[in-house]
Amino acid sequence: MVSYKQLGLVNTREMFARAINGGYAIPAFNFNNMEQLQAIIKASVETPPGV
């Protein structure tokens with residue numbers, strides 16, 4: 001069985017703790033199709049850190 005930690009996944013408690021300690025937000029996107037998801041990922045990659 002593969003552990004979720006081997007895949008780089010964390011539980012929400014750990015995720016929020018890292019965000020609080022690191023001073024960053026956790027995005028939550030709603031999308032309806034693959035094109036919207038691709039646009040979200042593209043914009044995330046192109047946006048400079050701290051914006």
Inset, instruction - Could you work out the complete set of other residues in the hydrophobic cluster of Ile40, with links drawn between I, L, V, M, F, W and Y side chains under 4.5 Å apart? - result: Phe29, Phe31, Met34, Leu37, Ile41, Val45
Inset, instruction - Not counting sequence neighbours, which residues clear side chain to side chain contact (heavy atoms under 4.5 Å, CB included) with Ala17? List them please. - result: none
Legend entry - Pairs where residues 37-47 contributes a residue and the test side-chain hydrogen bond (donor to acceptor under 3.5 Å, both in side chains) is met, not counting sequence neighbours: none
Legend entry - Test side chain to side chain contact (heavy atoms under 4.5 Å, CB included) applied to Ile20 - qualifying residues, sequence neighbours left out: none
Inset, instruction - Just jot down the side chain to side chain contact (heavy atoms under 4.5 Å, CB included) partners of Thr12, sequence neighbours excluded, or say none. - result: Met15, Phe16
Inset, instruction - Locate the shortest heavy-atom distance separating Ala25 from Pro27; write the atom from each residue and the value. - result: O-CD, 3.7 Å
Inset, instruction - With sequence neighbours excluded, give me every side-chain hydrogen bond (donor to acceptor under 3.5 Å, both in side chains) pair touching residues 18-37. - result: Glu14-Arg18
